[in-house]
Amino acid sequence: MADIDNDIKQMIISELELEDVEVEDIDTQAPLFGEGLGLDSIDALELGLALQKRFNVKIDANSDQNKEHFRSVASLREFVLAQTAS
Amino acid sequence: MQIWLTHCNAWAPGYSDVEQWREFTVQSLPAGDEKPAASGVPAILRRRLTRWGRQAFEVAEQFGTDWPDSAPVIFSSRHGDTGRTFKLLQSLANNEPLSPNGFSLSVHNSALGLFSIIKKLQAPTVAMAGGRDTLACAWQEAVSWLRDGAEKVLLIHSEEPLASLYQGYADEREMPAALAVVLATKPLTGSCPVELVCHPGPSSMPDSASQMVGFLDWWFGDAPQWQSHTSRHVWEWRRGSACV
């Protein structure tokens, strides 16, 4: 699980071109949007695209659950694991 | 109407202060991947900017504070950010989804738009391009606003050489650089009277380097005037000796 967490963190850093942020700086449980890293809606779209490319998961643009999936690194991990298991 | 240049900031790889610019000549243009710090831009937004936008912020930063609503901001660039555009076109050609961030910043006024958002500007803004005459056209736009009653105008010009695939179409020598100039109807300490004149008819011998390159060489040198030859016009910039 730690491996997937780190993969997701690395993906966030490189895809969103975060400056001066290391994998260790991202708290697995912390919110990604608004507070925490302070990402915004364009980042959410960019992340969605990266998740599809990197983990081959499908994101339903109209799903009400997206907000929950994208809450933190931990919730993204659960989402990726659930998708790849099904 | 007398027009004064009250400020002129410029940045290029290896050139940021006036002493460095005094050494600059059109013969040797800087290249390389060096980016300016653009420390006035919050990191969360700065990461989205390519050098083309970052260097514009770098030179314009100091004017963003307390800039009056009545003073227009003009942004000019001949090609815009072709590196970004090229990436998007490449994605389209490969049937890949477009980067939302790349797409949202792919318009000509993206750097100007972000500048006005970050600095909470309510002044009129315009982003323009005019081929090889781009800098002169933007300057004319600035002068028009001054003649129409504006007290001062901020002109930001940013250039990045064409993306590598398009390099074969380049018709002038280019370099990554940005320039911010404040033109005003009243002088401040350190201001110089300036004038731009357009002579009729195309020049038979267009300059080999971009208009911005020639302008930077002239402005940071000592000559009272300089002619810019493009394929459309001959522009003549003059500065008075009576700088205050």
Side-chain angles (χ1 to χ4, degrees), chain A residues 6-28 30-63 65-67 69-73 76 79-80 83-84, chain B residues 11 33-58 61 81 83-120 160 163 176:
Chain A
N6 280 347
D7 280 359
I8 292 174
K9 289 176 188 177
Q10 192 57 58
M11 184 189 80
I12 291 173
I13 292 170
S14 61
E15 289 295 326
L16 305 183
E17 298 182 66
L18 298 182
E19 292 182 345
D20 305 322
V21 177
E22 306 291 336
V23 166
E24 302 78 54
D25 300 331
I26 303 180
D27 180 346
T28 308
L32 293 170
F33 294 88
E35 21 178 348
L37 280 185
L39 305 180
D40 63 18
S41 57
I42 293 179
D43 293 315
L45 294 169
E46 204 77 51
L47 265 188
L49 210 63
L51 281 168
Q52 291 183 41
K53 272 196 216 166
R54 173 75 179 75
F55 296 102
N56 200 26
V57 296
K58 294 244 183 304
I59 296 163
D60 179 359
N62 297 317
S63 167
Q65 293 177 310
N66 284 345
K67 202 175 170 193
H69 296 327
F70 280 74
R71 197 182 58 80
S72 64
V73 171
L76 279 176
F79 174 62
V80 167
Q83 284 264 319
T84 45
Chain B
W11 184 92
D33 293 332
E34 190 192 329
K35 285 180 185 175
S39 51
V41 191
I44 202 77
L45 286 173
R46 190 170 53 221
R47 68 197 160 96
R48 295 201 169 134
L49 298 172
T50 57
R51 178 169 61 189
W52 176 78
R54 281 174 79 121
Q55 63 192 12
F57 273 91
E58 180 75 11
E61 170 61 29
D81 201 352
R84 200 191 287 278
T85 320
F86 178 63
K87 269 193 194 165
L88 290 168
L89 290 172
Q90 220 172 9
S91 298
L92 278 180
N94 294 333
N95 277 324
E96 290 167 3
L98 295 178
S99 155
N101 177 48
F103 184 71
S104 74
L105 293 177
S106 64
V107 289
H108 202 64
N109 65 342
S110 62
L112 175 62
L114 276 180
F115 186 70
S116 74
I117 291 169
I118 292 172
K119 299 302 180 189
K120 300 187 165 54
E160 185 70 45

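Source: prediction; values computed, not measured. Quick note on labels: first sequence line is chain A, next is B, and so on, each numbered from 1. The basis for the numbers below is simple: all heavy atoms, side chains too, and nothing from hydrogens, waters or symmetry mates.
Partner of Glu19(A) under the salt bridge (Lys or Arg N to Asp or Glu O under 4.0 Å) criterion, out of Arg48(B), Lys35(B), Arg54(B): Arg54(B) alone.
For Ser104(B), the part lying near chain A is the side chain, with the backbone staying farther off; criterion is any non-hydrogen pair under 4.5 Å.
Within a 6.0 Å radius of CG in Asp60(A), more than 12 heavy atoms belonging to other residues, nucleotides or ligands are found. Heavy atoms from other residues, nucleotides or ligands lying under 6.0 Å from CG of Asp33(B) number 12 at most. Atom CZ of Phe86(B) sits in a crowded spot, with more than 12 heavy atoms from other residues, nucleotides or ligands closer than 6.0 Å.
Using a 4.5 Å cut-off on side-chain heavy atoms (C-beta onward), Arg47(B) and Asp43(A) make contact.
Glu96(B) CD to Leu49(A) CG: the interatomic distance, rounded to the nearest 0.5 Å, is 9.0 Å. Separation of atoms CG (Asn101(B)) and CG (Asp40(A)) is listed at 8.5 Å; rounding is to 0.5 Å.
Taking both residues in full, the closest heavy atoms of Leu37(A) and Ile44(B) are given as O-CD1, 3.5 Å, listed atom of the first, atom of the second, then distance. Contact detail for Pro100(B) and Ile42(A): the closest heavy-atom pair is C-CG2, 4.2 Å.
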